[in-house]
There are 2 protein chains.
Amino acid sequence: MPKLGMEPIRKAALVKATIVEIGRVGSLDVTVSQIAKRAGMSSALAHHYFGSKEEMFLAAMRHILTLYGAEVRGALALAEGPESRLRAVLAASFSAANFRREAVGAWLNFWVLAQTVPEAKRLLKVYQGRLRSNLLAGLRPLAGDRAEPIAAGLGALIDGLYLREVLKSGPPDREMAVATALNYLNSKLEGARP
Amino acid sequence: MPKLGMEPIRKAALVKATIVEIGRVGSLDVTVSQIAKRAGMSSALAHHYFGSKEEMFLAAMRHILTLYGAEVRGALALAEGPESRLRAVLAASFSAANFRREAVGAWLNFWVLAQTVPEAKRLLKVYQGRLRSNLLAGLRPLAGDRAEPIAAGLGALIDGLYLREVLKSGPPDREMAVATALNYLNSKLEGARP
DNA sequence: GTTTTTGTTGATTGACGAGTCAATAAACTT
DNA sequence: AAGTTTATTGACTCGTCAATCAACAAAAAC
């Protein structure tokens with residue numbers, strides 16, 4: 001029965017299942033068995049491939065971060081000019097894939113994880129750094145010196161919009177989120193233009 | 001040895017200890033024993049007064065919310081005119097008491113709790129509603145129709161600034177947080193003034 | 001064709017933790 | 001003084017869960 005080359009497949013399934021389960025349960029109190037079951041294998045196999053629950057969580061974070069990074073890079077590739085680039089970053093941040101309840105719920109819990117697990121903290125900082133530099137690249141041509149604080153504010157605003165999404169009942173409202181962020185951006189940029 | 005009328009004292013000690021422990025550990029994975037120990041009693045007594053761990057968490061949330069509400073009300077009482085009121089709300093949100101690592105860490109974890117426990121969700125919504133209406137009261141005279149979206153954005157920004165505080169190493173930077181929020185406010189209001 | 005590597009799981013271990021209980025004691029009531 | 005209420009805890013129950021292990025199966029290597 002055992003086919004070879006299962007490792008990457010199993011790992012991918014586990015990562016996906018981890019995110020789903022965390023999103024579903026709404027906390028990190030997910031058992032390895034739950035995750036493994038959803039991924040269609042025994043909990044022993046999950047341990048076999050990842051060694052520990054924590055490693056599974058970290059792999060899931062890396063995965064989300066990778067997806068997000070790819071999405072941003074893709075959107076950025078099509079954009080021309082600073083304004084369009086900023087818009088691209090926002091669009092990616094609130095894309096259907098990233099802004100769905102499941103992912104947002106997982107995101108929140110990774111934030112909690114970052115309080116305890118240094119590697120998780122590091123990963124979140126990577127995300128923050130990337131977001132910051134993406135925003136700065138677009139902002140500097142438009143706002144010069146004032147780019148820095150604007151980027152900081154916008155970054156916090158994005159995270160805050162994610163946070164609020166968690167509490168909302170009903171379907172995610174990407175429109176609103178993007179509009180709020182763009183709005184912020186515009187009122188900031190108006191001040192710097194003729 | 002047993003003095004009477006201990007209930008409120010014990011409960012208060014437990015609530016305080018709950019917040020401290022959640023902030024210290026950085027997650028909701030605190031044992032009742034830890035909390036009780038910090039509050040100077042046996043875990044059995046903690047159960048005696050609160051019945052369950054969840055009730056303790058909720059009491060802790062209510063406590064934080066009460067403190068925050070009192071702080072806002074106090075600041076608001078001294079303020080005159082819409083602008084001053086807005087400033088007061090921001091100052092209270094980032095006051096030394098509310099913006100210390102411990103409280104912020106607990107806050108984040110309550111957000112997680114809200115995903116599972118309806119009463120926690122309700123409490124958080126109360127907070128959001130209060131913040132919203134406080135902001136609106138100050139904003140409407142200054143921005144009219146545009147008050148609504150500005151308040152939504154500002155609310156999310158405040159939550160986002162809290163969130164980012166969690167990841168930061170080093171001491172909390174209230175100055176920066178207030179400045180960022182005020183900055184947001186100003187660029188929003190400029191558009192609405194002559 | 002035997003050995004090694006890779007995949008897989010059921011069963012088990014060992015720890016830990018929420019909640020309960022019985023027992024003890026001091027204070028208040030009558 | 002007898003009875004009741006309030007305070008308090010150590011010991012115990014019961015469940016859960018991460019992690020390990022022994023064993024089995026199939027492919028690959030030799």
Side-chain angles (χ1 to χ4, degrees), chain A residues 1-22 24-61 106 109-110 112-113 116-120, chain B residues 1-61 109-110 112-113 116-120:
Chain A
M1 224 186 292
K3 295 172 189 174
L4 289 215
M6 285 274 87
E7 176 155 357
I9 296 164
R10 293 296 192 186
K11 278 193 164 181
L14 282 168
V15 160
K16 205 170 186 177
T18 302
I19 295 167
V20 172
E21 282 300 289
I22 291 178
R24 193 179 63 78
V25 176
S27 89
L28 295 175
D29 283 339
V30 223
T31 70
V32 174
S33 300
Q34 273 169 47
I35 297 172
K37 187 173 184 185
R38 177 163 299 257
M41 70 195 82
S42 73
S43 70
L45 194 53
H47 274 105
H48 173 64
Y49 281 125
F50 277 106
S52 76
K53 191 172 159 180
E54 189 174 305
E55 276 308 318
M56 279 169 67
F57 284 167
L58 291 174
M61 272 190 77
N109 280 287
F110 290 150
V112 170
L113 196 65
T116 346
V117 181
E119 175 67 4
Chain B
M1 218 178 301
K3 296 171 188 171
L4 288 217
M6 285 275 87
E7 176 155 355
I9 297 165
R10 293 294 184 180
K11 277 193 164 183
L14 282 169
V15 160
K16 206 170 187 176
T18 302
I19 295 167
V20 172
E21 282 300 290
I22 291 178
R24 192 179 65 77
V25 175
S27 88
L28 296 176
D29 282 339
V30 243
T31 69
V32 173
S33 300
Q34 273 169 46
I35 297 172
K37 188 174 184 183
R38 176 162 299 257
M41 71 195 81
S42 74
S43 70
L45 195 53
H47 274 104
H48 173 64
Y49 281 125
F50 277 106
S52 77
K53 192 173 160 180
E54 189 173 304
E55 276 309 318
M56 279 168 70
F57 284 167
L58 291 175
M61 274 191 75
N109 281 288
F110 290 151
V112 170
L113 196 65
T116 345
V117 181
E119 174 68 6

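Computation of the quantities below employed the complete heavy-atom set of this structure, encompassing side-chain atoms and omitting hydrogens, waters and symmetry-equivalent molecules. All of these numbers come straight from a predicted model, not from anything done at the bench. Proteins come first, then strands; the chains are lettered A, B, ... in the order of their sequence lines, and each starts at number 1.
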A.B. asks: Evaluate the side-chain proximity of A:R24 to A:V30: yes if any heavy-atom separation is below 4.5 Å, no if none is.
C.D. replies: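 Not in contact.
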A.B. asks: Of the non-hydrogen atoms in A:I22 and A:A106, which two are nearest, and what is the gap between them?
C.D. replies: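 In this case the closest contact between A:I22 and A:A106 is CG2-CA, 3.9 Å.
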A.B. asks: Counting just side-chain N and O atoms, does A:R10 come under 4.0 Å of either OP1 or OP2 of C:dT6?
C.D. replies: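 A:R10 to C:dT6 OP1/OP2: no side-chain N or O under 4.0 Å.
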A.B. asks: Rounded to whole angstrom units, what separation is found between the CE atom of A:M56 and the P atom of D:dA19?
C.D. replies: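 Atom CE in A:M56 sits about 10 Å away from atom P in D:dA19.
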A.B. asks: Roughly, in whole Å, what's the span from CZ in A:F57 to C1' in D:dC17?
C.D. replies: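 Result: 12 Å.
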A.B. asks: Can you tell me how far apart CD1 (A:I19) and CG (A:N109) are? Round to the nearest 0.5 Å.
C.D. replies: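 Reported to 0.5 Å precision, the distance equals 12.0 Å.
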A.B. asks: With the side chain of A:T31 defined as its heavy atoms from C-beta on, choose the nearest nucleotide among D:dA7, D:dC17, C:dT8.
C.D. replies: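 Nearest nucleotide to the side chain: D:dC17.
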A.B. asks: Please state how far atom CG in B:L14 lies from atom P in C:dG19, giving the value in whole angstrom units.
C.D. replies: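 Interatomic distance, CG of B:L14 to P of C:dG19: 14 Å.
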A.B. asks: Does B:Y49 put a side-chain nitrogen or oxygen below 4.0 Å from OP1 or OP2 of D:dT6?
C.D. replies: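 Checking B:Y49 against D:dT6: no side-chain N or O falls below 4.0 Å of OP1 or OP2.
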A.B. asks: Using atom CG of A:D29 as one end and atom C1' of D:dC17 as the other, report the distance to the nearest whole Å.
C.D. replies: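 Those two atoms, CG and C1', are 11 Å apart.
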A.B. asks: Counting only side-chain heavy atoms from C-beta out, which of D:dT8, C:dT8, C:dG19 sits nearest to A:H48?
C.D. replies: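 So the nucleotide nearest the side chain must be C:dT8.
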A.B. asks: Apply the salt bridge (charged side-chain N to carboxylate O under 4.0 Å, His left out) test between A:E21 and each candidate in A:K37, A:R38, A:K53, A:K16; give the one that qualifies.
C.D. replies: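 Going through the options one by one, the only one that passes is A:R38.
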A.B. asks: Side chain of A:L4 only, heavy atoms from C-beta on: which candidate in D:dA19, C:dG10, D:dA28 is closest?
C.D. replies: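 The listed nucleotide nearest to A:L4's side chain is D:dA28.
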A.B. asks: I need the CD-C1' distance between A:Q34 and D:dA18, as an integer number of Å.
C.D. replies: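 Value for this atom pair: 13 Å.
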A.B. asks: Is it the case that atom CD in B:E54 sees more than 12 heavy atoms from other parts of the structure closer than 6.0 Å?
C.D. replies: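 Not more than 12 within 6.0 Å, no.
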A.B. asks: Of the options D:dA18, C:dG7, C:dT9, whose atoms approach the side-chain atoms of A:M41 most closely?
C.D. replies: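 The listed nucleotide nearest to A:M41's side chain is C:dT9.
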A.B. asks: Whole angstroms only, please: what is the CE-C1' distance between A:M6 and C:dT5?
C.D. replies: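 Atom-to-atom, A:M6 to C:dT5, this comes out as 16 Å.
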A.B. asks: Of all the choices, C:dC21, C:dA18, D:dA18, which nucleotide is nearest to the side chain of B:A44 once you look at every atom?
C.D. replies: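 So the nucleotide nearest the side chain must be C:dC21.
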A.B. asks: Return whichever of B:G5 or B:S43 has its heavy-atom-nearest nucleotide of DNA chain D closer to the 5' end.
C.D. replies: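 By nearest-heavy-atom nucleotide position, the 5'-most residue is B:G5.
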A.B. asks: Nearest to the side chain of B:S42 - C:dG7, C:dT20, D:dT9?
C.D. replies: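 Minimum distance to the B:S42 side chain belongs to D:dT9.
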A.B. asks: Roughly how many Å is it from CG in B:L45 to P in C:dC21, rounded to a whole number?
C.D. replies: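 Roughly 17 Å, once rounded to whole Å.
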A.B. asks: Rounded to the nearest Å, what distance is computed from the CD atom of residue B:E7 to the P atom of nucleotide D:dT6?
C.D. replies: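 The answer, rounded to whole Å, is 9 Å.
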